[in-house]
Amino acid sequence: MENRLGNPTSKERYNSEIPIRYLHGDAQHIGSRRHQQDSFGFSDPEDEAFQAHGGFVAVVCDGMGGMEHGDIASQTAMRTVLEAYGRKTPEESIPRALERSVHQANERVFATAASLGVAEGAGTTLVAAVLHGTSLYYISVGDSALFHLSKGCLRMVNRPHVYANLLEQAVASGDLSREAAASHPEREALTSFIGVQTLREVDRNIEPRPVRDGETILLATDGMFKTLDPVEMQSCLAGHPQSWPAALVKRTLDKRVESQDNVTVVSVTLQSGPGTIFDSAAEPARALRSRAGFWRRWRL
C-alpha cells in the first residue's frame with residue numbers, strides 16, 4: 001500500500017541552491033501467503049518546503065503473521081509515522097521527529113489492538129528512513145531492514161531486534177557455545193515490535209550517515225532478504241535504481257521457496273544532477289560474504 005503525505009510550509013524555506021531529487025521505487029508481492037501484511041509509504045516528493053527541514057521519508061512495515069490483524073497493524077503504523085512526521089516543524093530535529101512518530105505509531109497500534117480485543121496481540125515491524133540533503137537518518141523496530149549501496153558495496157545499516165543478539169552475548173560471555181547459539185530454535189524471534197504497551201527497544205541514528213550523490217538506500221521486509229543472500233541481492237542492482245525493487249521481488253519469487261512470505265522492497269536514490277544515478281551501481285560490485293549466523297552476514 002502506498003501513501004504520500006506531506007506538511008506544506010512556506011515555499012521560501014526551500015533551499016533552491018541544492019536541487020536534490022529523491023527518486024523512489026517500490027515493488028510488493030503477497031508471496032504464497034493468504035494475506036498481504038506488508039505496508040509501505042512515502043512523503044510527498046514534490047513538497048520542497050517540507051523537504052528543506054524534514055527531508056524525504058520512506059516507511060516499510062511488516063505485520064506479524066503469527067498475530068491477529070497483522071495487516072491492520074502494519075497499515076496503522078505506516079500511516080501514523082507519515083502523518084506524525086508530517087507535523088515536524090523546522091525547529092524539531094529529524095532524529096527527534098522520527099522517535100516521536102514511531103512512539104505515536106506504537107501507541108496507536110496498541111490502542112487499535114485493544115479496541116479489537118487483542119491488546120498486545122497485533123504487531124508489526126517498522127523501518128523508516130529520511131534522506132535530507134546528503135544525510136541519512138533512520139529508525140527501526142523489529143527485523144525489517146535498511147540497506148545502503150555505497151561505492152558498489154551493499155551494507156545493512158540498522159540492527160534487527162531478534163533473539164540472536166542475546167544468544168551472541170551469551171556466546172561472548174562464555175555462557176553458551178557458538179554451536180548451540182547457531183541452532184537455537186528461537187534465534188530469529190523478535191525481541192521488539194510495534195504494538196506493545198511500552199516500547200523500549202528502538203534502533204536509530206542521531207548523527208547523520210553520509211549519502212553520496214547517486215547512491216541508493218533500500219528498505220525491505222524479511223520476505224526478501226531471508227530468501228536472497230547478499231550476492232543474489234547484489235546481482236539485481238543493475239540498470240536504473242528505480243527498477244531494483246521489482247528486480248529483487250522477481251528474483252525472490254523465482255526461487256519458489258515453500259511458504260514464501262510477503263515481500264516488499266522500496267528504494268530511494270539521491271540525485272542532484274543528470275547522469276549521477278548510476279555512480280554507485282557502476283563501481284565494482286562487492287557484496288558482503290556470508291559469515292556464521294544469518295544476521296552477522298550483513299554486519300561489518
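Residue numbers count from 1 along this sequence.
Here the side chain of N158 pairs a donor or acceptor atom with the backbone of S144 at under 3.5 angstrom. No donor-acceptor pair closer than 3.5 Å links the side chain of R155 to the backbone N or O of L149. At distances below 3.5 Å, at least one donor-acceptor pair connects side-chain atoms of H29 with backbone N or O atoms of G31. Within the 3.5 Å criterion, the main-chain N or O of T198 finds no donor-acceptor partner in the side chain of N106. Proximity of a side-chain donor or acceptor of R159 to a complementary backbone N or O of D203 within less than 3.5 Å is not detected. In terms of modelled atom types and a separation under 3.5 Å, the side chain of D47 and the main chain of F50 share a donor-acceptor contact. Between the side chain of H161 and the backbone N or O of G142, at least one donor-acceptor pair lies under 3.5 Å. Checked by atom type and distance alone, the side chain of K88 pairs as donor or acceptor with a backbone atom of H53 at under 3.5 Å. A donor-acceptor pair under 3.5 Å is formed between the side chain of E232 and the backbone N or O of D229.
Between the side chains of D62 and T221, no donor-acceptor pair is found at a separation under 3.5 Å. Between the side chains of S150 and E215, a donor-acceptor pair is found at a separation under 3.5 Å. For the residue pair Q28 and T264, a side-chain donor N or O sits within less than 3.5 Å of a side-chain acceptor on the partner. A donor and an acceptor atom, one from each side chain of Q51 and R21, are nowhere located under 3.5 Å apart. Using modelled atom types, one finds a donor on one side chain and an acceptor on the other under 3.5 Å when comparing S272 with D213. A donor-acceptor pair shorter than 3.5 Å cannot be found between the side chains of T269 and Q242. Remark: the Q260 side chain and the T227 side chain contain an N/O donor-acceptor pair separated by less than 3.5 Å.
Side-chain contact between R209 and V157 is present, with at least one heavy-atom pair separated by less than 4.5 Å. Contact of the L248 side chain with the M233 side chain is registered, since non-hydrogen atoms from C-beta on lie closer than 4.5 Å.
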Margin query: Pair T191, E201 - check side chain to side chain donor-acceptor pair (under 3.5 Å), show working.
Written below: CA-CA 8 Å; T191 57; E201 196 174 5; 3.1 Å; yes
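In this structure, H24 has its ring center under 6.0 Å from that of F56. Here Y163 and H184 bring their ring centres to under 6.0 angstrom of each other.
Of the residues listed (N262, V263, D38), the one engaging R33 in a side-chain contact (heavy atoms from CB on, under 4.5 Å) is N262, and it is the only one.
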